[in-house]
Structure formats: structure tokens, C-alpha cells
Amino acid sequence: MEPVVELKEERSMNFLERIIEDDLANNRVPDNTIVTRFPPEPNGYLHIGHAKAICINFGMAEKYNGRCHLRMDDTNPEKEEQEYINAIQDDIHWLGFDWNDYFYHASDYYQTLYEIALNLIKDGKAYVDSLSAEQMKEYRGTLTEPGKESPDRNRPIEDNLRLFEEMRQGKHAEGSLILRAKLDMASPNINMRDPALYRIKFATHPRTGDTWCIYPMYDYTHPISDAIEGITHSMCSLEFEDHRPVYDWATSIDGIDHTPHQYEFARLNITHFVLSKRKLLHLVKHRLVLGWDDPRMPTLCGMRRRGYSPESIRDFISRVGVAKVESVVDYNLLEFCVREDLNKRAQRVMAVLDPLLVVITNYPKDKVEWLDAENNPENPQGGTRLIPFSGEIYIEKEDFMEVPVKGYHRLYPGNEIRLKHAYYITCNEVIKDDQGNVVEVRCTYDPESKGGTTPDQRKVKGTSHWVSVPQAIDCEVRQYDKLFLTEDPGVSTGNYLDDLNHESLVVLSHVKCEPSLKDAQPGEYLQFIRNGYYMADSKDHSVEHPVFNRTVTLKDSWSKKMKKIHQ
RNA sequence: UGGGAUGUAGUGUAAUGGUAACACUGCAGAUUCUGGUUCUGCCUUUAGGGGUUCGAAUCCCUUCAUCCCAGCCA
């Protein structure tokens, strides 16, 4: 027999991989080891947009046998907190990446950065400016007009040295003086118009405490930190493109390693999502969601709590690809990725969200049978479990119609359906309350159909999930949906908050579940058959009060069809 | 309107001078003890206009569109 040639499905290279492979091939990388970095500012929680940067930086290092440093970009003590530093590390680990011993803080380099600044001043390449913030803005010029040089630009070196020293000693008020690089006030690139290097801030830093009252700016700190750590490829998002000349300036300062180069890629946008720290912070602060880890949040901790697997997120990022075009990815792709991953791994269980009582009139009273149910049809090794069956069960209200619509093949008077893993039942009688609501359905079962097939091989079109009444356990189920109704929140209304989905969380407090669910743990991927993927809530779930979060619904072509008919 | 970038199906990403493709979405159908999964098929693409070339998504010119930049934020 011919050997089967396995075609490895290799994704084509993106532009960053091309650059790296080219650099490697042409011996432009020291020790032939690429070194990347992920440099979050610890002023908020990581979201799925960051996951892209994480996957790119850690992923490239992994792919090319290099390494990736985790560096906290902590140069603004007014905004940054230790709480965020810890959360960031957790989230990266959860995604499945590790920085090993290469964990740094920009604040590790404060002393070096300070000495380099001193040298710049001595070389006449930096000066202390006493222009106020407003004046500086005026002097900077505009997008179309060049800036003007500050009167302090030619301050004698000795004076600059003395003033900078006084700044460091805390002898000057915040905002009164600033250290600037002497670049080019006429540059068409505003970032090159004598960028600020150091500002005075009398703020306590989470790591350096009150050691410093002058703090270096991003444009100065970032490239030099990269150089110190021997970063070879510094990959960041597009908005830093205009800063690259400043980056190149900083890495060409005397005594600085000029290995690092900056490359920019487009950040991630997803329809129906907001991914701006400012907007996310607003949602949290104004209690429009219940915290950073609210399962509706696009934060990694939120998605994790919601039941997303790290694998599905990494797959999503990999499918989105890397390019320089600003783009908006369809959230359907994200849902596709979770469903695909969870379909393979989720334990199947039965839960009835909106119960309707079914009495099986010919089933022996008080009899209970324990039936075998497969745990995952996608995984034959997944085994089976026992589920109880009795003469009184719940099915979904949706699975019964007194007067069926065209195409409906669930339960209705006279129709036979299969109860998953159990028996065939036929509806004979409908019981209603005074208002005419169906409160109970009476059926007969076929003892021959045990296990879901009959000796005569007759077909039934519908299969329903169900839960036996006496053994059912009561659960709270949180039905999460998109946080925003529109694809691009705020674009048509002018305010993203106007597009909030007020039904993004629907709590069902009396869901009937099969008894095996009492052992469910947060972290276990579940599928409520015919409904969706769920996970026990990591904060509120307990054996006494089980709480499950809906990660994502199953695809539902029937309800889609119905929706279309009703339009 | 200065500078920097970017334009390929509805969305995202390939094709790097040689037959425009893959995935998602959408639409049909088959299979199915989940109206799930799986499988099949279909729809739809190089921003516009010139040029170079036997041959252009790719090179050149030009027009247009979109995004980013005037923090002592990152």
C-alpha cells in the first residue's frame, strides 16, 4: 500500500516571521538567538487584545528557539499598582507562556537610565527646560507648522547638570522643570521635537518607593530597556510607528547596544467588543459589569471565568493573523474557535433551563433506573456515567408545542420523540392551568426503546434532553451574551454606552440538572446538551449553591430559521 | 491641510512578475441518539485611472479612501 503522505497544514509566514527569518539567515542576530519582550504597563488587566501581543512576542521566541522577556513598563507611578503586576503574570501563565527567569521591570533600570541622561546632558544632547506644560505645547508647533526652540535650549551644560541634580533631589516643584532631548524642533514628526526625557513626580512607586522623584518617559525608557536586555526584535502595535525615530535615536546613544529594532503590527479589534483600557475601566467603575473578571469582559480573567480555554484563545489569535492593516475581526470567529475546542473536550451533561413537567403514565410508579450516558461522543475514551430515569421528568418548555409549527419535530400531541440516552415517549395529554398555560404533559413510553433505539429500527426525528425530577439538583445558571448590541459600539450612536446590551446577563435561578453536576468544579469544561458550553463559576459556585456560566451557545440552526420566519 | 502607515470576497489572512486562495460568516443539501458534530456544494475578491511587461494583486506614475501623531500617558 502507498504510504499516506501527511500534508502538514502550515500557516504561511507573516511579515514579522519573514523579517526574523531573514535576520537569522543573514547573521544579523547576536548568538543567533532572537529575544523579544512583552512590556505591559501594570495599570490595568490584560484583555484579548494583549493576548495578540503576547502570542506574537512569546510565540516568535518559542518558534525560533529564542526567549521572551516579561517586563513591567512601570515608569508612571501615579497609575501603576502591584495588584496589576500579579494579575498580569497569572494571565500570561494561564495562556500557556512562560518568561522563565527573564522577568524585569523598567524600574530596574532607573539608575542606569539616570546615568545615561547625565551623559546626554554632558554631551550637550539634553537640556533642562523651564517652559510650563502650556508653553511647551505652544512651542511644539502643530501638525502642519514647525515648532520653536525653547529659550532654555542652549542653557550651559553646567547649569543643566546642576538643575537636573536639583530635580532629582526634589528641590523643584512638579511641572516646573523637565529634561528634554535636543533633537529637532522643526521635524515634521512631532515626536522628534525635543521629546521629554524626565519629569518630576512626587509619587511613591510600587517598587522603588520614594527613592526617585524624577521618572523617565516611555520614549526614553523603552528602547534603552530593550537594549539593556539584549532584545533583538521589539514588536509593538501600530500607534508606535511614529515613535520609531525616537527609538532609533535612543538605541544609537553612545554606549547603548544598537541591536534592538522596533517593528509594528496592527492591534486586534473585534466586532461587538470594546478593547480600550479607558472604556473597560469605565464599565468596571460605574458597575455596568461586576468587576474586571466579569465573564462579559474581554479581559483574560473574565474570559477564563466565562469558560474560554486558553487553547481556544491562542487558536483565535493565530487565525486572525498578523499584518499592518487596521482590521476588525468578526466575533463569530472567536465563538467558532471556542466551540471547536470545547466540542472536543467538554463533558456532556443534561440540564433543563426552563423546565416543563412530563409524566410518563405507563412507567412503574416510584421506579428509578440508572442509565448509561456517554460523556463525550467526540472522544470514545471519555467513558460513560450513570443518570437516573423515572416516571417524572423535566424537559425544556421549548421542546413542546401544543400546536406545532411547520418543520417542528419535537414533542407535540401524538408525536413520538427520543429522550437522550433513555426511551421513546409519545405525547397523549396536555394539562393546563386556569390561564391556559401548559403546566404538564402526559406521555407514554416504549419499554422496547431503552437506550435510544428500538428493535424495529423506527426513526424518530426529535431527541430531547431531560432530567429526572426526584434526583434533579437546582442550579443557578448565568446566561451571558454579547456586552454590546452593535458591531462597532458607539459608531452610530456616538457613545459606546448607548449600545450596551442590557440583557447581556440573564440569571436563571432554578435550572434542573442531572445529579452528576454536584461534583462539577470551576475549570472543567461542560456542555449542557443541546444548549451550550458552561463552566462552574470560580467565585460563586459551591456544592450547596451551584452556579454555572454560559461560555457560548451551541450553534442553533432551528432557532435561526424560526427567527428568520418571524421577521 | 505636515509627517507616518495601509488598501485582496461580508470579515480576517495568503499568493513576493506566471491559473487569485484558505478560514470564518452567509446560503443550500447529506449524515446524525445533541436541529450540535461531521461531510458536500454554492455565493462573493485585487480601491479607481494610466503605464512597463509575452504576462501585474505584485514594479512605476497618479487619483481616491481609511487609520495614527500636536501628554510632563504608555
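In what follows, chains are A, B, ... by sequence order, proteins preceding strands, each numbered from 1.
Remark: A:T75 is in phosphate contact with B:A74, judged by side-chain N or O atoms under 4.0 Å from OP1 or OP2. Between B:G26 and A:K560, a contact under 4.0 Å exists linking OP1 or OP2 to a side-chain N or O. Here A:R199 reaches the OP1 or OP2 of B:A74: one of its side-chain N or O atoms lies under 4.0 Å away. Regarding contacts with the backbone of B:U37, a side-chain N or O of A:K555 is found under 4.0 angstrom from either OP1 or OP2. Side-chain N/O atoms of A:K201 include one lying less than 4.0 angstrom from OP1 or OP2 on B:C73. Of the side-chain N and O atoms in A:S327, one or more sit less than 4.0 angstrom from OP1 or OP2 of B:U13.
No hydrogens or angles were tested; on distance alone, nothing pairs the side chain of A:E326 with the base of B:U66 as donor and acceptor under 3.5 Å. For B:U37, its base never sits under 3.5 Å from the side chain of A:R339 at any donor and acceptor pair. Put simply, the side chain of A:E378 and the base of B:G36 share a donor and an acceptor less than 3.5 Å apart. In terms of polar N and O atoms assigned as donor or acceptor, the side chain of A:D242 comes within less than 3.5 Å of the base of B:G3 in a complementary pairing. On a pure distance criterion of 3.5 Å, a polar donor-acceptor pair joins the side chain of A:R410 and the base of B:G35.
Listed nucleotides B:A74, B:C72, B:G7 differ in distance to A:H243; the shortest reach to its side chain belongs to B:A74. Listed candidates were B:C24, B:G4, B:G36. Nearest to the side chain of A:N332 is B:C24. Of the candidate nucleotides B:U34, B:C72, B:C68, B:U34 has the atom nearest to the side chain of A:T463. In this structure, the nucleotide among B:G35, B:A74, B:U13 sitting nearest to the side chain of A:D556 is B:G35. Nearest nucleotide to the A:K79 side chain, out of B:C73, B:A74, B:G36: B:C73. Side chain of A:E239, nearest nucleotide from B:A74, B:G4, B:A14: B:A74. When each of B:U34, B:U37, B:C72 is scored by its nearest atom to the side-chain atoms of A:R530, the top-ranked nucleotide is B:U34. Taking the side chain of A:V325 as heavy atoms from C-beta on, and the options B:A74, B:G7, B:A14, the nearest nucleotide is B:G7. Comparing B:C67, B:U34, B:G36 by their nearest atom to the side chain of A:K420 picks out B:U34. Residue A:I190 has its side chain nearest to B:C69 when only B:A5, B:C69, B:C68 are considered.
Rounded to whole Å, the separation between the P atoms of B:U62 and B:C24 comes to 41 Å. Rounded to whole Å, the separation between the C1' atoms of B:G51 and B:G10 comes to 33 Å. Atom C1' of B:C64 sits at a distance of 43 Å from the matching atom of B:G29, rounded to the whole Å. Taking atom C1' in both B:A15 and B:A74, one finds a spacing of 37 Å when rounded to whole Å.
If you check every strand for non-hydrogen atoms under 4.0 Å, A:N76 touches sugar and phosphate atoms only. Nucleic acid contact class of A:R140 (heavy atoms, under 4.0 Å, all strands): sugar-phosphate only. As judged by a 4.0 angstrom heavy-atom cut-off over every strand, A:G407 is placed among the base-contacting residues. Here A:N14 lies in heavy-atom contact (under 4.0 Å) with sugar-phosphate atoms only. Base contact: A:L131 has a heavy atom under 4.0 Å from a base atom. Nucleic acid contact class of A:Y408 (heavy atoms, under 4.0 Å, all strands): base. Here A:Q527 lies in heavy-atom contact (under 4.0 Å) with a base. Contacts of A:H409 with the nucleic acid, taken as non-hydrogen atoms under 4.0 Å apart, include base atoms. Across all strands shown, A:V322 has heavy atoms under 4.0 Å from sugar-phosphate atoms exclusively, and none from any base. A:R193 comes within 4.0 angstrom of nothing in the nucleic acid, heavy atoms only. Using a 4.0 Å heavy-atom distance criterion, A:K564 is classed as a sugar-phosphate-only contact. Residue A:L238 is classed as having no contact, given no heavy-atom separation below 4.0 Å to the nucleic acid. If you check every strand for non-hydrogen atoms under 4.0 Å, A:F336 touches sugar and phosphate atoms only. When heavy atoms are screened at a 4.0 angstrom cut-off, A:A133 is found touching base atoms of the nucleic acid.
At distances below 3.5 Å, at least one donor-acceptor pair connects side-chain atoms of A:Y408 with backbone N or O atoms of A:F400. Side-chain N or O atoms of A:N57 include none that pairs as donor or acceptor with a backbone N or O of A:F38 at under 3.5 Å.
Between the side chains of A:Y218 and A:H243, no donor-acceptor pair of N or O atoms lies under 3.5 Å.
For B:G50, the glycosidic angle deviates from 0 by more than 90°, giving an anti base.
Nearest-nucleotide positions on RNA chain B place A:N189 closer to the 5' end than the other of A:N376 and A:N189. Heavy-atom nearest nucleotides on RNA chain B were determined for A:K137 and for A:T144, and the one closer to the 5' end corresponds to A:T144.
Ring-plane geometry between A:Y215 and A:Y110 is classed as perpendicular, the angle between the planes exceeding 60 degrees on a 0 to 90 degree scale with a lower cut at 30.
Across residues 45-54 of chain A, not one residue has a non-hydrogen atom less than 4.0 Å from an atom of RNA chain B.
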